[in-house]
Amino acid sequence: MTRRIIHSSRVLITGASSGIGRALAIELARQGARLVLNARRLDRLQAVADESQTAGGQVALAVGDVTRADDRAAALAAAERRFGGLDVLVNNAGVSAWGRFEQAAPERLRQIMEVNFFALAEMTRAALPLLARGQNPLVVNIASILGHRGIPLQSEYCASKFAVRGFSEALRAELAKQHIDLLVVSPGSTESEFFDHLIEKAGEMPWRTQPKTPAAVVAQKIVRAIELGRHEIVPSRRGKLLVWLNRLAPRLVDRWMERYG
Ligand SMILES: NC(=O)c1ccc[n+]([C@@H]2O[C@H](COP(=O)([O-])OP(=O)(O)OC[C@H]3O[C@@H](n4cnc5c(N)ncnc54)[C@H](OP(=O)(O)O)[C@@H]3O)[C@@H](O)[C@H]2O)c1
């Protein structure tokens with residue numbers, strides 16, 4: 001049964017200039033959502049805004065860095081100013097790095113946690129008063145299958161996504177009485193610019209490139225989950241397989257991963 005109507009919903013998406021955030025903006029716009037789009041690259045954000053408007057959405061831009069409190073506040077203020085409030089917050093902005101933990105500088109861990117975890121948590125904190133006055137309010141946190149299973153050479157990223165899942169599970173219970181829902185999305189390998197923007201790339205990944213799910217398919221599944229009031233989705237078959245295999249036979253997956261460590 002459809003629980004949430006996308007049409008006219010006021011949705012703030014962080015990291016909307018490419019990949020999953022961009023695809024989600026366009027998919028929501030097709031259904032008549034009102035969007036506030038955040039990211040740092042104005043030219044790319046403007047292009048997504050143009051596509052979203054053509055698809056049927058209304059758009060306000062909030063150019064900025066999610067790790068900056070002022071920029072987070074400005075994005076929320078844009079939702080209030082342009083659309084009179086906020087119904088859905090999508091914490092999507094994310095970064096990663098490749099390489100062995102012991103060889104990385106401490107800044108790599110700090111930087112990844114700042115974007116993937118602290119900014120997501122603080123954006124949520126700042127948005128809650130606005131969401132509490134919204135229609136059928138919802139927080140959507142984009143985690144990863146690497147928040148279900150750690151893999152070598154992405155230790156900082158895995159830590160940040162495990163943190164997102166733990167935070168989300170706890171917060172969902174806290175928000176239930178206020179009728180604010182929380183959806184966690186754990187994508188598997190997805191077609192996007194993610195791997196072009198690694199903050200550090202120390203060597204090549206030791207495994208073969210995995211087939212990737214188109215960002216548009218992930219976006220469609222997220223929109224469906226928003227409509228249905230789901231709590232958690234893994235929007236790819238291979239991702240689901242890894243999550244289940246790890247749950248059923250964790251030692252087997254440990255041994256598989258150790259080959260690449
Ligand atoms: N691609 C995958 O295989 C995969 C798998 C699982 C989970 N995910 C997750 O999906 C989410 C989206 O990633 P994607 O695959 O779509 O990658 P992407 O194409 O690189 O998109 C990342 C987005 O985040 C924005 N961003 C990065 N740092 C930011 C900051 N400090 N402030 C504001 N925006 C920032 C980028 O925009 P600007 O550079 O313009 O700021 C961009 O719009 C991430 O949370 C990622 O961890 C991706």
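For this chain, numbers begin at 1 and follow the sequence in order. Just follow the structure's listing: the first ligand is 1, and inside any ligand the first atom is 1.
The backbone N or O of L182 sits less than 3.5 Å from a side-chain atom of R172, completing a donor-acceptor pair.
Heavy-atom contacts of F195 reach the following atoms of ligand 1: 3 (O) (cutoff under 4.0 Å). Taking every heavy atom of Y157 and a limit of under 4.0 angstrom, the matching atoms of ligand 1 come to 6 (C), 7 (C), 8 (N), 9 (C), 46 (C), 47 (O). Under a 4.0 Å criterion applied to the non-hydrogen atoms of N38, ligand 1 contributes the atoms 33 (C). Shown in contact with G64 at under 4.0 Å from a heavy atom are these atoms of ligand 1, numbered in order with element: 32 (N), 33 (C).
Looking at residues two or more places apart in sequence or on another chain, you find a salt bridge (charged side-chain N to carboxylate O under 4.0 Å, His left out) between R133 and E80.
In terms of protein heavy atoms, atom 35 (C) of ligand 1 is closest to A93 CB, 3.6 Å. Remark: minimum distance from atom 6 (C) of ligand 1 to any protein heavy atom is reached at P187 O, 3.2 Å. For atom 39 (O) of ligand 1, the closest non-hydrogen atom on the protein side is R40 NH2, 3.0 Å. At the top of the distance list for atom 31 (N) of ligand 1, counting protein heavy atoms only, stands D65 OD1, 2.8 Å. Counting protein heavy atoms only, atom 25 (C) of ligand 1 is closest to G15 CA, 3.5 Å. Looking only at heavy atoms of the protein, atom 15 (O) of ligand 1 is closest to S192 OG, 2.6 Å. Here the protein heavy atom with the shortest distance to atom 44 (C) of ligand 1 is N92 O, 3.1 Å. The protein heavy atom nearest to atom 3 (O) of ligand 1 is T190 N, 2.8 Å.
Only the backbone of A16 comes within contact range of ligand 1, with a heavy atom under 4.0 Å; no side-chain atom does. Contacts between K212 and ligand 1, counted as non-hydrogen atom pairs separated by less than 4.0 Å, are absent for every part of the residue.
The shortest side-chain heavy-atom distance between R22 and E51 falls under the 4.5 Å cut-off. In this structure the side chain of H231 never reaches within 4.5 angstrom of the side chain of V184, judged on heavy atoms.
The CG atom of N136 lies 8.0 Å from the OG atom of S9; values are rounded to the nearest 0.5 Å.
Considering backbone and side-chain atoms alike, T67 places every N or O at 3.5 Å or more from each N or O of ligand 1.
No heavy atom of A119 sits closer than 4.0 Å to any atom of ligand 1. Assignment of E114 to the shell around ligand 1 is not supported, since no heavy atom sits closer than 4.0 Å.
The number of heavy atoms from other shown groups lying within 6.0 Å of CD (E191) is above 12. Other residues, nucleotides and ligands contribute more than 12 heavy atoms inside 6.0 Å of the CD atom of E193. More than 12 heavy atoms of other shown residues, nucleotides or ligands fall within 6.0 angstrom of atom OH in Y260.
Closest to atom 5 (C) of ligand 1 by heavy atom, among S189, G188, S144, A39, is G188. For the residues S18, S17, G19, the heavy atom positioned nearest atom 21 (O) of ligand 1 is part of S18. Comparing A62, G94, S236, A143 by heavy-atom distance to atom 7 (C) of ligand 1, the nearest is A143. Closest heavy-atom approach to atom 10 (O) of ligand 1 within the set V48, V115, I20: this belongs to I20.
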For N141 and L183, what are the C-alpha separation, side-chain angles and deciding distance, and is it a side chain to side chain contact (heavy atoms under 4.5 Å, CB included)?
-> CA-CA 6 Å; N141 287 337; L183 164 66; over 6 Å; no

Check the pair E122, R125 against salt bridge (charged side-chain N to carboxylate O under 4.0 Å, His left out), reporting the backbone distance first and the verdict last.
-> CA-CA 5 Å; E122 296 306 338; R125 193 200 307 272; 2.7 Å; yes

Show the numbers, then the answer: is there a side-chain hydrogen bond (donor to acceptor under 3.5 Å, both in side chains) between Q154 and S96?
-> CA-CA 7 Å; Q154 290 199 67; S96 188; 3.0 Å; yes

Which is it for T14 and N38 under the side-chain hydrogen bond (donor to acceptor under 3.5 Å, both in side chains) test, yes or no, and what are the steps along the way?
-> CA-CA 5 Å; T14 69; N38 155 268; 4.8 Å; no

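Judged as a ring-ring contact (aromatic ring centres under 6.0 Å, His included), the pairs with a partner in residues 156-182 (not counting sequence neighbours) are, in order, F117-F167, Y157-F194.
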